[in-house]
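Here is the structure we will look at.
We're numbering straight along the sequence, starting at 1. Computed from a predicted model, the values in this text were never measured in an experiment.
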Amino acid sequence: MLSPRLTDCAIDASIPAALNEIDDKLTYWAKVQYNNIIFSMNNYIPGDVIDDLLHYKQILTYRLCNPTYAMVCGLPTTSQVVSRVKVLLHK
(Lines give C-alpha, C1' and ligand atoms only; values in the text may rest on other atoms or scores of the structure.)
Protein backbone atom coordinates (compact mmCIF):
# COMPACT_ATOMS: atom_id res chain seq x y z
CA MET A 1 0.00 0.00 0.00
CA LEU A 2 1.24 3.47 -0.77
CA SER A 3 1.72 5.72 2.21
CA PRO A 4 1.73 9.50 1.88
CA ARG A 5 4.69 11.66 2.64
CA LEU A 6 3.95 13.45 5.87
CA THR A 7 4.94 17.04 6.48
CA ASP A 8 3.42 17.35 9.97
CA CYS A 9 5.27 15.58 12.78
CA ALA A 10 2.36 15.68 15.24
CA ILE A 11 1.15 12.19 14.31
CA ASP A 12 -0.02 9.88 17.04
CA ALA A 13 2.22 6.81 17.13
CA SER A 14 -0.76 4.54 17.73
CA ILE A 15 -2.22 5.12 14.24
CA PRO A 16 0.25 2.93 12.26
CA ALA A 17 0.08 0.22 14.93
CA ALA A 18 -3.72 0.24 14.84
CA LEU A 19 -3.71 0.07 11.04
CA ASN A 20 -1.40 -2.97 11.16
CA GLU A 21 -3.64 -4.67 13.72
CA ILE A 22 -6.71 -4.00 11.56
CA ASP A 23 -4.96 -5.45 8.52
CA ASP A 24 -3.94 -8.55 10.47
CA LYS A 25 -7.49 -9.15 11.71
CA LEU A 26 -9.01 -8.58 8.27
CA THR A 27 -6.50 -11.05 6.82
CA TYR A 28 -7.53 -13.59 9.45
CA TRP A 29 -11.23 -13.19 8.62
CA ALA A 30 -10.45 -13.42 4.88
CA LYS A 31 -8.68 -16.74 5.44
CA VAL A 32 -11.62 -18.04 7.48
CA GLN A 33 -14.02 -16.99 4.73
CA TYR A 34 -11.82 -18.67 2.11
CA ASN A 35 -11.91 -21.90 4.11
CA ASN A 36 -15.68 -21.57 4.41
CA ILE A 37 -16.05 -21.32 0.66
CA ILE A 38 -13.50 -23.95 -0.37
CA PHE A 39 -14.02 -26.58 2.31
CA SER A 40 -17.66 -25.82 3.29
CA MET A 41 -16.62 -25.37 6.91
CA ASN A 42 -19.50 -23.07 7.91
CA ASN A 43 -17.48 -20.97 10.40
CA TYR A 44 -19.04 -17.76 11.68
CA ILE A 45 -17.87 -14.53 10.04
CA PRO A 46 -18.85 -11.32 11.92
CA GLY A 47 -19.84 -9.03 9.07
CA ASP A 48 -20.70 -6.09 11.31
CA VAL A 49 -17.27 -6.19 12.97
CA ILE A 50 -15.54 -6.36 9.58
CA ASP A 51 -17.62 -3.41 8.36
CA ASP A 52 -16.74 -1.37 11.45
CA LEU A 53 -13.04 -2.21 11.13
CA LEU A 54 -13.02 -1.09 7.50
CA HIS A 55 -14.75 2.15 8.47
CA TYR A 56 -12.27 2.87 11.27
CA LYS A 57 -9.37 1.96 8.97
CA GLN A 58 -10.55 4.64 6.54
CA ILE A 59 -10.77 7.21 9.33
CA LEU A 60 -7.30 6.36 10.65
CA THR A 61 -5.79 6.43 7.17
CA TYR A 62 -7.18 9.91 6.58
CA ARG A 63 -6.02 11.02 10.04
CA LEU A 64 -2.53 9.76 9.21
CA CYS A 65 -2.37 12.39 6.45
CA ASN A 66 -4.41 15.10 8.17
CA PRO A 67 -4.60 14.98 12.00
CA THR A 68 -7.60 17.34 12.01
CA TYR A 69 -9.65 15.24 9.57
CA ALA A 70 -13.38 15.50 10.35
CA MET A 71 -12.91 16.83 13.87
CA VAL A 72 -15.75 19.32 13.44
CA CYS A 73 -18.18 16.75 12.06
CA GLY A 74 -18.53 15.01 15.39
CA LEU A 75 -16.22 12.08 14.74
CA PRO A 76 -14.39 10.84 17.83
CA THR A 77 -10.81 11.74 18.57
CA THR A 78 -7.97 9.53 17.39
CA SER A 79 -7.50 7.94 20.81
CA GLN A 80 -11.22 7.08 20.96
CA VAL A 81 -11.05 5.50 17.49
CA VAL A 82 -7.97 3.47 18.43
CA SER A 83 -9.61 2.26 21.66
CA ARG A 84 -12.75 1.25 19.73
CA VAL A 85 -10.57 -0.63 17.22
CA LYS A 86 -8.91 -2.54 20.07
CA VAL A 87 -12.34 -3.57 21.39
CA LEU A 88 -13.44 -4.72 17.92
CA LEU A 89 -10.24 -6.71 17.40
CA HIS A 90 -10.99 -8.89 20.41
CA LYS A 91 -14.61 -9.68 19.55
Side-chain angles (χ1 to χ4, degrees):
M1 179 171 130
L2 295 175
S3 59
R5 183 174 178 190
L6 304 174
T7 57
D8 190 4
C9 295
I11 303 269
D12 191 6
S14 61
I15 292 177
L19 288 173
N20 285 334
E21 290 175 358
I22 291 172
D23 286 339
D24 291 343
K25 194 64 166 184
L26 290 175
T27 303
Y28 169 76
W29 287 119
K31 288 179 182 178
V32 170
Q33 181 64 23
Y34 175 79
N35 288 336
N36 282 346
I37 292 170
I38 297 300
F39 302 116
S40 300
M41 295 184 74
N42 200 20
N43 291 329
Y44 175 70
I45 303 293
D48 54 341
V49 173
I50 292 172
D51 188 41
D52 289 343
L53 284 175
L54 288 172
H55 179 71
Y56 288 131
K57 181 179 177 180
Q58 180 183 14
I59 291 172
L60 289 175
T61 303
Y62 288 152
R63 292 244 175 111
L64 188 64
C65 301
N66 181 9
T68 61
Y69 167 73
M71 289 298 225
V72 254
C73 298
L75 283 177
T77 63
T78 303
S79 61
Q80 291 172 335
V81 171
V82 170
S83 67
R84 180 66 181 151
V85 164
K86 290 191 183 293
V87 168
L88 287 173
L89 289 175
H90 298 291
K91 273 192 171 182

**Request:** Any chance you could measure Leu60, atom CG, to Cys65, atom SG, to the nearest 0.5 Å?
**Result:** 11.5 Å

Without placing hydrogens or testing angles, list every side-chain donor-acceptor pair under 3.5 Å for residues 25-32, not counting sequence neighbours.
| from | atom 1 | to | atom 2 | distance (Å) |
| --- | --- | --- | --- | --- |
| Lys25 | NZ | Leu89 | O | 3.3 |
| Thr27 | OG1 | Asp23 | O | 2.7 |

**Request:** Would you mind listing every salt bridge (Lys or Arg N to Asp or Glu O under 4.0 Å) that reaches into residues 65-91, with sequence neighbours excluded?
**Result:** Glu21-Lys86

Validation: residues 46-56 side-chain donor-acceptor distances under 3.5 Å, sequence neighbours left out:
none

**Prompt:** Are Tyr34 and Ile45 connected, step by step, through hydrophobic side chains (Ile, Leu, Val, Met, Phe, Trp, Tyr) whose heavy atoms are closer than 4.5 Å?
**Reply:** no

**Request:** Using a 4.5 Å cut-off on heavy atoms from C-beta on, say whether the side chain of Val81 contacts that of Ile15.
**Result:** no

